[in-house]
Number of protein chains: 2
Amino acid sequence: MANINDVSRLAKVSKATVSRVLSGSRGVKEESRLAVMQAVETLQYKPSVIAQSLSTQSTGCIGVICATENINQSTGYLHALEKELRLNQKYLLLRFATDAASLTHSVDEIGRGLCDAMIVIGARFALPKLPENVITIDCLDADSERSIHFDRSFAAETACQYVLKQGRRQIALINPESQEAAGQILQGYHLALEKFLLPYDRRLVHSGAQALTQLLAQNVPFNALLVPDDATAQDALRQLMQHGRSVPENVMVFSLGSTLPPGGSAVPAIAYPLETLAQRAMALLAGQFSAGLSAPVRGQLSLPS
Amino acid sequence: MANINDVSRLAKVSKATVSRVLSGSRGVKEESRLAVMQAVETLQYKPSVIAQSLSTQSTGCIGVICATENINQSTGYLHALEKELRLNQKYLLLRFATDAASLTHSVDEIGRGLCDAMIVIGARFALPKLPENVITIDCLDADSERSIHFDRSFAAETACQYVLKQGRRQIALINPESQEAAGQILQGYHLALEKFLLPYDRRLVHSGAQALTQLLAQNVPFNALLVPDDATAQDALRQLMQHGRSVPENVMVFSLGSTLPPGGSAVPAIAYPLETLAQRAMALLAGQFSAGLSAPVRGQLSLPS
DNA sequence: CTGTTAGCGCTTTCAA
DNA sequence: TTGAAAGCGCTAACAG
């Protein structure tokens, strides 16, 4: 593989000039520029990213660490982030983490010069203290400047309004186990009920792995079911079918947090546009902590196609 | 961040000795070794991966390029590969590719010294010519030494036998669009039918996006439906439901290529154990092209939990 | 506008 | 068993 010396020799200029041509190339005589381009072409020269990294002390690698809990959600994020990173000439280094310990481990392993910065996605465990160059998306952490959070209260309220408008007034809710998120969702849920002057029936609200089973056991009628994410929605669909409840005729299932492409969800959902999230992540990585970026993201109502 | 010079100074030995201690460390006096370890500890020294890479001409990065076509399948692969790579002290650089052109682009972009080798997954388009350091998993390429293929004929045959044993003799088949895979599947399908002395009814076999619609339109009865992968299975489930066909009572849906964790599939399936695939990939990357590694991989029957 | 030169942080001969 | 020194391939300050 040809290196910068080969090019400089062939083009009869110095390494420095070659370097100048290849990066921004300004203040280089057209003649030399052409000579360099020519040489680059004939030698099929590609600068070594590693050497550049060592020299500039920056690799262009962004570590993306996905919590394995929502592993199904991760594909959407990864695809969107990879696209956005590529647009910014950056590389995506992938890791998975199951808990705080493995997160910490990954963070300081890939932080050893390999990655310029990191993005942690979807962690439902308490986060360890993270370095400055780490941002989080949809994680359980105190509102930090370097985080992207979802407005779950808004999601729940919007969802309720939607199903209510469909004439469904008995709205069951499966809440996530995370206290933080569950609290927000409950808040939006209450808000919507109040607006419609509907009473709150605690028997309609459950959480945890057995939530749906418990709900069905209550024997309280419901014609709408709010669930935290797409995976839970899928699961609910299956279970409801097995119990002879048709969807959506009998029960309308609604996902409060979809990170699938528009129309990708099998049920109505509040969807978080991945492209927007990815762009916002880039902005945070670039250190732009403006006001708009710190507000929680509001999803959009998305109906199945 | 402390560097090797700081360590060598504090430990009162040369850089060379520090380097020796940190790698294999043999032929180093115990005394010096301890001094180095001590210094490393107090300085919290972590060697720079980049500098090591430049020096050794190898980065430990493996590029993983997923075809976006089966993007849903990719999570399973990614998780398994990341785990295996981490065990081998390697990093996973992620890319997605939509077609041959973008694949080529990625390959030579991350091949510029950033990645030691690459893995291409699930491409359904004709592959471009790939460098020696690229292996493929479940891609459309001629049997190369550097590929992992699935034994789809075996999968189809096994699937047929399974549903036949369940007393279902009218087996419909949705074939993938890829000629290669479709041919293999058809072969296994025929084989099984012959064994059971059943006639082949071409009206039960369809492919393409409208396959299921066409099948249903035929109005030929069927009580089992073989589909190429989990995504198609999901889709089929939904469509069948909408047509009032209950699953599995009325129609048993069977996925011929599941890359989900065991029991993760909602329907019976031939599953390809991801861990095994990942290990096989590692072996190929390590240049072990032994006989066993070139045979197509046979999946295992996996029933929903 | 261009070349020289000194790093970036580590590995690896080669002598001692 | 150790240290000095020569790279790995590139960037950037500095001088011209």
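All chains are named by letter (A, B, ...) in the order of the sequence lines, taking the proteins before the strands, and each is independently numbered beginning at 1.
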Are A:Arg152 and A:Asp138 ion-paired here, with the side-chain N under 4.0 Å from a carboxylate O? yes
Under 3.5 Å, is there a donor-acceptor pair linking the side chains of A:Ser102 and A:Asp99? yes
Just report the end-to-end axis angle for the helix from C:dC1-D:dG16 to C:dA16-D:dT1, five pairs per end, to 10 degrees. 40°
Do B:Thr98 and B:Phe125 come within less than 4.5 Å of each other through their side chains, counting heavy atoms only? no
Quick one: which residue pairs count as a salt bridge (charged side-chain N to carboxylate O under 4.0 Å, His left out) with a foot in residues 107-116 of chain B, not counting sequence neighbours? B:Arg95-B:Glu109
Does the side chain of A:Thr136 come under 3.5 Å of the side chain of A:Ser147 through a donor N or O and an acceptor N or O? yes
Of residues 26-33 of chain B, the positions that come close to DNA chain D - non-hydrogen atoms, cut-off under 4.0 Å: B:Gly27, B:Val28, B:Lys29, B:Ser32
A:Met1 CE to D:dG9 P, in whole Å, measures 11 Å
Find the distance A:Leu43:CG to D:dG9:P and express it as a whole number of Å. 14 Å
Using the ring of each side chain (for Trp, its six-membered ring), is B:Phe96 parallel, tilted or perpendicular to A:His79, with breaks at 30° and 60°? perpendicular
What is the distance, rounded to the nearest whole Å, between atom CG of A:Asn5 and atom C1' of C:dG3? 13 Å
Applying side chain to side chain donor-acceptor pair (under 3.5 Å) as the test, list every pair that has at least one member in residues 33-47 of chain B; sequence neighbours left out. B:Glu30-B:Arg33
Please give me every residue in residues 7-22 of chain A whose heavy atoms get under 4.0 Å of an atom in DNA chain D, ordered by residue number. A:Lys15, A:Ala16, A:Ser19, A:Arg20
For the pair B:Thr59 (side chain) and B:Cys61 (backbone), establish whether a donor and an acceptor sit closer than 3.5 Å, ignoring hydrogens and angles. yes
Can you list, in residue-number order, the parts of residues 48-58 of chain B that come under 4.0 Å of DNA chain C, counting heavy atoms only? B:Ser48, B:Ala51, B:Gln52, B:Ser55, B:Thr56
